[in-house]
Amino acid sequence: NQRIGDMDEMKLIGIDLDGTLLNSDQSISQKNARTMKHLPEDCFPFICSGREVEDINNILKKSGLRIPAVGLNGSVGFDGEKKIFESSFDKNDVKKIDSVLSKFPTKIYTNLGSYESQNYKNKMKKIFHEVGSEFSIKELNYELEYEKSICSIPYNNIEEIIEKDAISIYKFFIFIPNRQLKANIFNHLKKMLNVSVTESAPVNIEIVPQNVSKGVVFDRLESIYNLKKPLRIAIGDSLNDLSMFESADISFAMGNSHQEIMKKADYVTVSNDKDGVSQAFERILTI
């Protein structure tokens, strides 16, 4: 889009979905949608989420929004129906990662859709009741509610996925509702080459290829759209937004954010249930 690239003082604005643009009902409020629809031309918003792009676009369409969507923590980006970039795992690394995660409920996101370990939801419930006593049942219920919007293919063995022709594997997600178990797995994964590890909630771990993060998306979009030194702005709530905050010139944390995100942010808004994104834009439009 050459018109965008030629505009001076463009604001490139990365917006997280869950816990940020979405409220607790996992929908975009009327106020947030209205704000997003009436931004001036010098604002270039994009969604940057851990969700799949198809899922993101379905959510946006319900509110009549059409903006670039970057999914799976920065692994793949689309502008409408057009894929604009992607990063995927080497299949040998996929095997190594799977060997560490195989005991836990696992989802694998690919260009051919998402896959989940057999009996995924039942395994989530089982492991929560076995080792998740330190967490509120709300953590489990939120994940189960999230799963209602996702249609995944069950798998027994990682080879079933790897052997598929032309498959690109973008992201692993595991449900692990125990801080000590999570810390052990997190540390194990961090020692691996070619992987990047983060989380979007206290009860999960998300793994993407090395050098993939929400923060790197700013560079990708600036190059793709020929943006010349735009003002980078990040809006988010969880630890997988941290790299986006670190890459931004200005950052906004929701009032419901992880404490580390709040400390990193330049501004803290009201919560996602009180239209924190709309409040962030009130400030952005004065810059």
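The first residue in the sequence is number 1, and the count goes up from there.
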Practice problem: Provide the closest heavy-atom pair for N211 versus V216 in the form atom of the first, atom of the second, distance. | Solution: O-CG2, 3.7 Å
Quiz prompt | All pairs passing salt bridge (charged side-chain N to carboxylate O under 4.0 Å, His left out) where residues 251-273 contributes a residue, at least two apart | solution = none
Quiz item: Are the side chain of K37 and the backbone N or O of S63 linked by a donor-acceptor pair below 3.5 Å?
Solution: yes
Self-check item: F135 side, atom CZ; S133 side, atom OG - distance, nearest 0.5 Å
Solution: 9.5 Å
Quiz item: Counting only heavy atoms not in E282, do more than 12 fall under 6.0 Å of its CD?
Solution: yes
Practice problem: Before giving the answer on side-chain contact (heavy atoms from CB on, under 4.5 Å), spell out for S196 and V212 the whole-Å C-alpha distance, their side-chain angles and the decisive distance to 0.1 Å. | Solution: CA-CA 7 Å; S196 179; V212 167; 5.6 Å; no
Quiz item: Would a hydrophobic clustering, with Ile, Leu, Val, Met, Phe, Trp and Tyr connected at side-chain separations under 4.5 Å, put V208 with I158?
Solution: no
Exercise. Please say whether the positively charged group of K123, taken as NZ for Lys or CZ for Arg, lies over the ring of F104, i.e. under 6.0 angstrom from the six-membered ring centre and within 45 degrees of the axis.
Key: no
Quiz item: Which is it for N32 and L21 under the side-chain contact (heavy atoms from CB on, under 4.5 Å) test, yes or no, and what are the steps along the way?
Solution: CA-CA 7 Å; N32 278 343; L21 185 59; 3.9 Å; yes
Quiz item: Cluster question for you: counting only ILVMFWY and a side-chain heavy-atom cut-off of under 4.5 Å, with indirect links fine, are L12 and I67 together?
Solution: no
Quiz prompt | Side-chain donor/acceptor of S243 to backbone N/O of G215, under 3.5 Å | solution = yes
Quiz item: Counting only N and O atoms by type, is there a donor-acceptor contact under 3.5 Å from the side chain of N256 to the main-chain atoms of N272?
Solution: yes
Quiz item: Counting N and O atoms only, with roles assigned by atom type, does the side chain of D241 sit under 3.5 Å from a partner on the main chain of S238, one being a donor and the other an acceptor?
Solution: yes
Self-check item: Within 45° cone and under 6.0 Å: K171 NZ/CZ vs Y109 ring
Solution: yes
Practice problem: May I ask you to test the C43-I13 pair for a side-chain heavy-atom distance under 4.5 Å? | Solution: yes
Exercise. Taking atom CD of E54 as the centre, report whether more than 12 heavy atoms of other residues, nucleotides or ligands fall under 6.0 Å from it.
Key: no
Self-check item: I176 CD1 to L181 CG distance, which is reported to the nearest 0.5 Å
Solution: 5.5 Å
Self-check item: Closest approach of A280 to I235 (non-hydrogen atoms, all atoms of both residues)
Solution: CB-CD1, 4.1 Å
Self-check item: Flag side-chain contact, heavy atom, 4.5 Å: H258 against D237
Solution: no
Quiz item: Hey, are the side chains of P209 and F89 touching, using non-hydrogen atoms and a 4.5 Å cut-off?
Solution: yes
Self-check item: Main-chain N/O of R179 paired with E134 side-chain donor or acceptor, under 3.5 Å
Solution: yes
Self-check item: Residues in side chain to side chain contact (heavy atoms under 4.5 Å, CB included) contact with K96, at least two apart in sequence or another chain
Solution: D93, M192
Quiz item: So do I287 and L231 actually touch side chain to side chain, heavy atoms under 4.5 Å?
Solution: yes
Quiz item: Would you call E86 and F78 a side-chain contact if the rule is heavy atoms closer than 4.5 Å?
Solution: no
Quiz item: Judged by atom type as modelled, is there a donor-acceptor pair below 3.5 Å linking the side chain of S75 to the main-chain atoms of L72?
Solution: yes
Quiz item: Taking only residues two or more places apart in sequence, or in another chain, which ones meet F252 in a ring pair (Phe, Tyr, Trp, His ring centres under 6.0 Å)?
Solution: Y267
Practice problem: Taking all heavy atoms of Y120 and all of P105, pick out the closest pair and write down the distance. | Solution: CE1-C, 3.5 Å
Quiz prompt | Greater than 12 external heavy atoms within 6.0 Å of K83's NZ | solution = yes
Practice problem: Drop me the distance from S87's OG to F85's CZ, to the nearest 0.5 angstrom. | Solution: 7.0 Å
Quiz prompt | Summary of salt bridge (charged side-chain N to carboxylate O under 4.0 Å, His left out) pairs that have at least one residue in residues 155-165, sequence neighbours excluded | solution = K95-E159
Quiz item: Is there a side-chain contact between I207 and L101 (heavy atoms, below 4.5 Å)?
Solution: yes
Quiz item: With no hydrogens and no angle check, do the side chains of S200 and N240 hold a donor and an acceptor under 3.5 Å apart?
Solution: no
Quiz item: Do N111 side-chain atoms and S168 backbone N/O form a donor-acceptor pair below 3.5 Å?
Solution: yes
Self-check item: Side-chain donor or acceptor of K11 paired with backbone N/O of D42 under 3.5 Å
Solution: no
Quiz item: Which pair of non-hydrogen atoms, one from A69 and one from I56, has the smallest distance, and what is that distance?
Solution: CB-CG2, 3.7 Å
Practice problem: Please identify each residue that fulfils side chain to side chain donor-acceptor pair (under 3.5 Å) with D79, with sequence neighbours left out. | Solution: R66, Y225
Quiz item: Between E206 and I174, is a side-chain contact (heavy atoms from CB on, under 4.5 Å) present by the stated rule, with each step listed?
Solution: CA-CA 7 Å; E206 302 180 339; I174 62 167; over 6 Å; no
Quiz prompt | Side chains of L22 and I28 in contact at under 4.5 Å (non-hydrogen atoms) | solution = yes
Exercise. Looking only at non-hydrogen atoms, find the nearest pair between G14 and M244 and report the distance.
Key: O-CE, 3.8 Å
Exercise. For the pair R232 and D219, find out whether any cationic side-chain nitrogen is under 4.0 Å from an anionic carboxylate oxygen.
Key: yes
Quiz prompt | Rounded distance [0.5 Å steps], CD1 in I205 versus NZ in K190 | solution = 11.0 Å
Practice problem: Please answer: with hydrophobic residues joined when any side-chain heavy atoms are less than 4.5 Å apart, are I150 and V53 in the same cluster? | Solution: yes
Quiz item: How far apart are the C-alpha atoms of I162 and V94, what are their side-chain angles, what is the distance that settles it, and do they pass the side-chain contact (heavy atoms from CB on, under 4.5 Å) test?
Solution: CA-CA 8 Å; I162 292 175; V94 169; 3.9 Å; yes
Self-check item: Enclosure of K229 NZ (heavy-atom neighbours >12, cutoff 6.0 Å)
Solution: no
Exercise. Please answer whether the main-chain N or O of G113 pairs with a side-chain N or O of T110 as donor and acceptor at a distance below 3.5 Å.
Key: yes
Quiz item: Of N141, L140, N178, which is the lone residue that meets side-chain contact (heavy atoms from CB on, under 4.5 Å) with F128?
Solution: L140
Practice problem: Rounded to the nearest 0.5 Å, what's the gap from CG on D275 to CZ on F281? Could you check? | Solution: 13.0 Å
Quiz item: Is there side-chain contact between T106 and F173, with at least one heavy-atom pair below 4.5 Å?
Solution: no
Quiz item: Is it true that a side-chain atom of S257 and a backbone atom of A253 form a donor plus acceptor pair closer than 3.5 Å?
Solution: no
Quiz item: Distance from S278 atom OG to R283 atom CZ, nearest 0.5 Å?
Solution: 15.0 Å
Practice problem: Would you tell me whether N119 and K121 have side-chain atoms, one donor and one acceptor, within less than 3.5 Å of each other? | Solution: no
Quiz item: Does the side chain of E199 pick up a donor-acceptor pair with the side chain of N204 at under 3.5 Å?
Solution: no
Quiz prompt | I15 reachable from F218 in the ILVMFWY side-chain graph, under 4.5 Å edges | solution = no
Practice problem: Give the cluster check for L17 versus L39: same hydrophobic cluster or not, with ILVMFWY residues linked at side-chain heavy-atom distances below 4.5 Å. | Solution: yes
Practice problem: Could you pull out all residues at least two apart from K148 that satisfy side chain to side chain donor-acceptor pair (under 3.5 Å)? | Solution: E145
Exercise. List the atom of G19, the atom of M254, and the distance in Å for their closest heavy-atom pair.
Key: O-CG, 3.5 Å
Self-check item: Basic-acidic side-chain contact under 4.0 Å: E147, K107
Solution: yes
Self-check item: Exercise: do D18 and Y146 side chains pair donor with acceptor under 3.5 Å
Solution: no
